Amino acid sequence: MNWDTVFGKLRWDSFVFAGAIENPSASEFVAFGAGSIVILGAIAVVTLLSVMGWWVPLWKNWLTSLDHKKIGVMYIVLAIIMFLRALIEAAVMRSQQLAAYDGPGYLAPDHFGQLFTTHGTIMIFFVAMPMITGFMNYLMPLQIGARDVTFPLLNAISLMLTTAGAILVMASLVIGEFSTGGWSAYPPYTGLEFSPGVGVDYWIWAVTLSSISSTMTAINLTATVYKNRCPGMTLMRMPLFSWTTLCASVLMLFALAPLTAATSMLALDRYVGFKFFTNADGGNMMNYANLFWLFGHPEVYILILPAYGVWSEVVPTFSAKNLYGYRSLVYATIGIAFVSFLVWLHHFFTMGQSAGVNVAFGIATMIIGIPTGVKVYDWMLTMYRGRIRFSTPMLFHIYFIVVFIIGGMTGILLANPTVDFQVHNSLFLVAHFHNMIIPGVLYALFAGYIFWFPKVFGFRLDERLGRRAFWCFAPGFILAFFPLYIIGLAGATRRTVSWSEPFYLPYFAVAMFGALLIVAGVGYLIVQVVVSYRNREQLAAPLGDPWDARSLEWSTASPPPEYNFAALPVVDARDMFAEEKENGTAYRSPTVYEDIEVLRNSMTAPLVGLAALALAFALVWHIWWLAILGFAGAWAVIIARSFNTNTMKVIPAATLRAENEAFLTAVRNAPGVDRDLEFSPQNKGKAAPDLVQERPAPAGGHQALGAAL
Amino acid sequence: MSMARTRNLHPGINLGATDPDVHRAAEGVVFGFWLFLMADLVIFGALFATYAAMSVQGIAQGPSPAEIFDLGSAFVETVLLLLSSFAFGFATLEMKYRGNIGRLYLWLAIAGLLGAGFVAMELHDYANMIAVHGATPQTSGFLSAYYLLTGTHVAHVSFGIAWMVVLMVQIGVFGLTGIVKLRLLRLGLFWHMLDVVWVGIFTLVYLFGVVS
């Protein structure tokens, strides 16, 4: 048995540390440092778990859990870890570009290429996707009055596959290298001829794991919305966040498949010499561009629609009003979801289509602005004449409206093919999509995180530190990205490791400062969670409804019990919980308690994830025996599980009654807290309702219009 | 209650009044499986689209579709696969109405063997194309797309056969329980979908390829 059979392409110098020893340079030391952080981080986590004796609780309460809420939290934790890495990478890239005026800077071009590739790949596949998946997983079943998703085990397997993909990307910091082909990995550059190393293979298998995971999540969440709603919860009574979950899930269902096809073809080209995207022998990379963006464009809306859903929950709550134009928001969401499949070609206007084709896709792109505009007006009209509390999520929202509209307008510019020909591949484009994704998706998720945190953990986050974070993020984003619009128009190309135009220098300097402000904002968020945890007694809100909010998840205890609802709710109106609070009929005991069956924990998902990780790692390094073992192992675990019939446990009615009545008694006995005391220790999570009543509307007035919508 | 027992809760064969409890349980899981089939069909859609482009533009120095396809063989494969689906239909009816395990085994075995015959013929076709025409997947973009499209289909059929074997073992171990019925319902949908895809392949790849 020789080395290659056992270890494939792995060599001692595949480890990143070898490079720094053999070939010392600033770039290698940065790589050395990054690899060390991964290893030291892993050692720190293992030590902490061992010292605190947390291995067993971690395994029993979290990793093997099939509870959609815990799975949702784990998705978000994974996303936060990956976010920190990709954020640091962004700051490193900014500093490189600042340092590289008229010189090479401190990073080698190849290293810089890996940075922008991992930054994009991680931010999309291992930050934004798991973060929104976590939110959807946690919230949607609670909002529609369900006990769990339709396929809880599939849900856990999805999580573990995404985690395996994330671990693979992390491993590339220590062993080998990552792709330098950008997050979209265009061949033929990413083909074997021009990228012979393992970097592209890391990209292929990490992304493939993520896309399979997301497809399974899509199946699960879509089936849940259609089949698990509680009695009376018609589609048109669902909270907007659940609507956006449905639309995003349907998008995932259709959009991830072309990505899986594209990565499979690229893999076949690289591993067995197929000719899909090669320059010679009839290959055609345009097929890749089309398949990739057939996924890539809907992907943008997969991310932004749930973010719109977050805003649609935050705004009415902190305006103490019903959501304005609910129906129009629903139709706008569906409209965006539909049109998002008709615009993919605008990602490559310059790649050889006829003018007529470009114009068709340009117009389709601009049309998306219309339903998006409907949403922005709806949120603003929700605030209109409301009693607005300027909480941190609300500050994020108001900032979002202003800055997002600017980003939207630059998008309309880019939708015009003639303009796109001038600025494509420039920093103008980079500024545009960050302008959509950071205030649109990321800040919405920050707002949602602060908003729902007390629901998940039973205590509020420190408001003062949240505001400080906001006041770093708000100017930080503008300073980091608006300068890029200007130098992008002036001709600065994206993904450029060094440059020599003196005009750019001050703008790069401002952008660097903005990036540091964003990092500071993240620092405040970290401090916020630590401080809040320490002060969790004062910040406790176990009674479930600290913000006088509207949908069903707020009617449960915080954190909600494993089974969500002791008795399934029956609703007969939109925002039933808000109405009940107003009428004084909230928190009534159910007439009858019945035994319920929930799934026992299962080690299937972590084992499948482990096998998938082994398979993917083995494929990257051509360790064929391990690949076979991983593939067979994953299926063996699944088949073994299918022979297990003892998968359910019963929660007896008596337990349900005891727990639920204790909660209801505590709520009933607690005084309702006025909104003026929202951030005070008195706020234990029972709200004195503060809904702004709709006044009788003059015929044809704005309220009549709102009611009609 | 009688409504819920007889009303169709999902597309395809419903258990209905023959097993009301499992019938109700089927609603969510079978619906979810339809969603999976949709996602799977989108993958096939992407592969069809790639093939449509490459079978025209990606021939390069390699052979053209008309030179290598054997319509007779594809026809026999079509018959095998459709008969297999037909047999699976009888298996489903047996499961629903009589539940005779011996007959159920028989129909499943027929369906599986016909499917295995399909796979064997398809692999034989591949070997033949490579031996006679030198038409490997590495020859041209067209052939890459051809092997991926039909290969993905063959892989699905093989997976379906493996699934069938597992379920036959489960019928032996558990009998015809609710969970086994739910799995048979879903395997049936999967098996029939592969027919639909194959009809597309037969038409677009073989018939079009030979006449063009």
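Here is the naming used below: chain letters follow the sequence lines, and residue numbers restart at 1 for every chain. Predicted model, so just to flag it, every value in this text is computed and none were measured.
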Residue among [options] with most heavy-atom pairs under 4.5 Å to chain A:
options	value
B:Arg183, B:Met38, B:Gln61	B:Arg183
B:Ala49, B:Ser140, B:Ala162, B:Gly62	B:Ser140
B:Pro137, B:Gly45, B:Ala145	B:Pro137

Taking all non-hydrogen atoms of both residues, which atom of [X] and which atom of [Y] are closest, and how far apart?
X	Y	answer
A:Phe643	B:Phe174	O-CZ, 3.3 Å
B:Gln138	A:Lys275	O-NZ, 2.9 Å
B:Leu35	A:Ile219	CD1-O, 3.5 Å
A:Pro258	B:Ala46	CA-CB, 4.4 Å
B:Gly32	A:Ala223	CA-CB, 4.1 Å

Pairwise side-chain contact, A:Phe276 with B:Leu148, heavy-atom cut-off 4.5 Å (strictly under):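 Touching, per the 4.5 Å side-chain cut-off.
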Point-to-point distance, once rounded to the nearest 0.5 Å, from [atom1] of [X] to [atom2] of [Y]:
X	Y	atom1	atom2	value
A:Asp281	B:Ile59	CG	CD1	13.0 Å
B:Phe36	A:Asn220	CZ	CG	13.5 Å
A:Asn228	B:Phe31	CG	CZ	10.5 Å

Contacts with chain B made by [range] (heavy-atom distance under 4.5 Å), listed by residue number:
range	result
residues 284-295 of chain A	A:Asn284, A:Asn287, A:Leu291
residues 261-273 of chain A	A:Ala261, A:Met265, A:Leu268, A:Val272, A:Gly273
residues 209-218 of chain A	A:Thr215

At a heavy-atom separation under 4.5 Å, does B:Val173 approach chain A through its side chain, its backbone, both, or neither? side chain
Among the listed options A:Phe274, A:Phe254, A:Phe151, the residue most often paired with chain B at heavy-atom distances under 4.5 Å: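 Heavy-atom pair counts peak at A:Phe274.
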So which pairs with a foot in residues 143-152 of chain B pass side-chain hydrogen bond (donor to acceptor under 3.5 Å, both in side chains), sequence neighbours left out?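 Sorted result for residues 143-152 of chain B: B:Tyr126-B:Thr150, B:Tyr146-B:Tyr206.
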